[in-house]
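What follows is a set of notes on a single structure, which appears directly below.
Numbering of residues begins at 1 and proceeds along the displayed sequence.
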Amino acid sequence: MFHEKHISYLYQVGVQGGIRRAADVLGVNPSVISRQIALLERTLQLPLLERRGRSVVLTEAGKLLADDYYESSLRREKLERHLKDLRYMKGGAVTIRVGAGLVDTFIQHVLTTFAAAYPNVFVEVVSGTMQATMDAIVQGEADMALAFGPIGNPELKRHSFPWGPICAVVNPQHPIAHLRTVSVEELNRHRLISLSDAFGLQRHMNAIFQSKGLLFTPSYRCNQFTTAMSLSMAGMGIAFMSAQAAIERISHKMLVAVPIDHPIATEAQCHLLRNSDRRFTPASHHLWQLLLNFFQQKNER
């Protein structure tokens with residue numbers, strides 16, 4: 001009667017509360033989602049969405065479809081996990097979502113130790129936006145996550161650790177490169193490089209500017225930290241991330257990281273997340289404990 005992808009669009013609209021926000025999460029054009037949902041409505045001869053104020057909510061028929069999609073996804077994820085355990089040797093598999101700016105830290109300081117202890121375990125490392133990471137944990141698509149940025153108060157097990165400061169990352173010849181710290185007002189005088197609003201770090205930057213009565217207005221927007229760094233190295237503007245995220249380019253004198261003089265920037269945190277309803281395998285538990293130990297020890301230094 002209809003394709004599962006169409007229902008996945010409907011499900012995300014319900015979760016995100018709007019077609020445009022769902023399109024940002026899914027990485028598609030909003031018109032694509034609108035057309036597919038309209039096709040579903042014509043096929044079923046039932047309305048699936050209704051507008052309430054500025055938000056869009058699912059009708060009763062829409063909720064039935066979305067609930068069935070969610071339950072089917074959980075069953076399929078469980079099946080895939082069992083098949084993956086069989087495929088990737090008796091050691092099983094672990095899936096972890098890692099924020100793009102934390103990948104190098106995770107691999108160098110945690111994953112190498114884990115691989116030595118569990119050499120037969122298949123590890124799937126997935127990077128993405130904060131919203132996609134939260135959805136993956138809630139929906140059971142990942143065992144755990146290492147994320148950066150504001151996350152509100154989700155119904156998840158969480159450990160948070162300082163991971164600031166957020167820095168203005170620039171070409172060594174940039175006018176602010178010589179500063180010890182940089183104010184928001186000074187940043188506002190230059191060309192800025194933005195990540196998608198779905199990134200936790202960009203949400204921090206938006207909040208930092210709003211606290212000063214300013215609008216974060218970028219000259220460039222991208223969806224990868226590496227792209228932001230490349231633009232910055234080319235002298236195209238100021239990128240924003242922790243110094244650790246750009247450590248390799250900083251060590252090679254290709255970029256300079258200048259801490260932002262603002263409480264949000266200095267108090268930014270990273271988070272270890274898991275769904276408390278999800279049962280860990282011994283390998284998953286060991287990886288979780290390694291992550292906890294690493295960040296606890298790092299913040300004791």
Do the side chain of Asn293 and the main chain of Gln289 share a donor and acceptor less than 3.5 angstrom apart? yes
Establish, from distance only, whether the side-chain atoms of Ser55 and Arg52 form a donor-acceptor pair under 3.5 Å. no
Between Cys270 and Trp163, which heavy-atom pair has the shortest distance, and what is it? N-CB, 3.8 Å
For Pro172 versus Met254, what's the shortest heavy-atom pair and its separation? CD-O, 3.3 Å
Side-chain heavy atoms of Gln202 within contact of Phe216, under 4.5 Å: yes
I need the single residue from Thr266, Ile166, Thr181 that forms a side chain to side chain contact (heavy atoms under 4.5 Å, CB included) with Ile260. Which is it? Ile166
Met241 side chain near Met229 side chain, heavy-atom distance below 4.5 Å: yes
So, do Val32 and Tyr9 sit near enough that their side-chain heavy atoms are less than 4.5 Å apart? yes
Closest heavy-atom contact between Ala283 and Val121? CB-CG2, 3.8 Å
Around atom CD of Glu248, are there more than 12 heavy atoms from other residues, nucleotides or ligands closer than 6.0 Å? no
Is atom CD of Gln45 surrounded by more than 12 heavy atoms (other residues, nucleotides or ligands) closer than 6.0 Å? no
In terms of heavy-atom contacts, Ala66 and Tyr11 come closest through O-CD1, 3.7 Å
For a quick test of reading the model, state the closest non-hydrogen atom pair linking His190 to Pro175 and the distance between them. CE1-CB, 4.0 Å
Side-chain contact, heavy-atom cut-off 4.5 Å: Val169 with Ile238? no
Chi angles and distances behind the side chain to side chain contact (heavy atoms under 4.5 Å, CB included) call for Lys298, Phe161: CA-CA 9 Å; Lys298 183 176 178 60; Phe161 303 94; over 6 Å; no
Shortest non-hydrogen contact from Leu65 toward Leu48: CD1-CD2, 4.0 Å
Output, in order, the C-alpha distance, side-chain angles, deciding distance and verdict of ring pair (Phe, Tyr, Trp, His ring centres under 6.0 Å) for Phe295 and His159. CA-CA 10 Å; Phe295 283 102; His159 295 274; over 10 Å; no
Please tell me if the side chains of Phe106 and Ile96 come closer than 4.5 Å, counting only heavy atoms from C-beta onward. yes
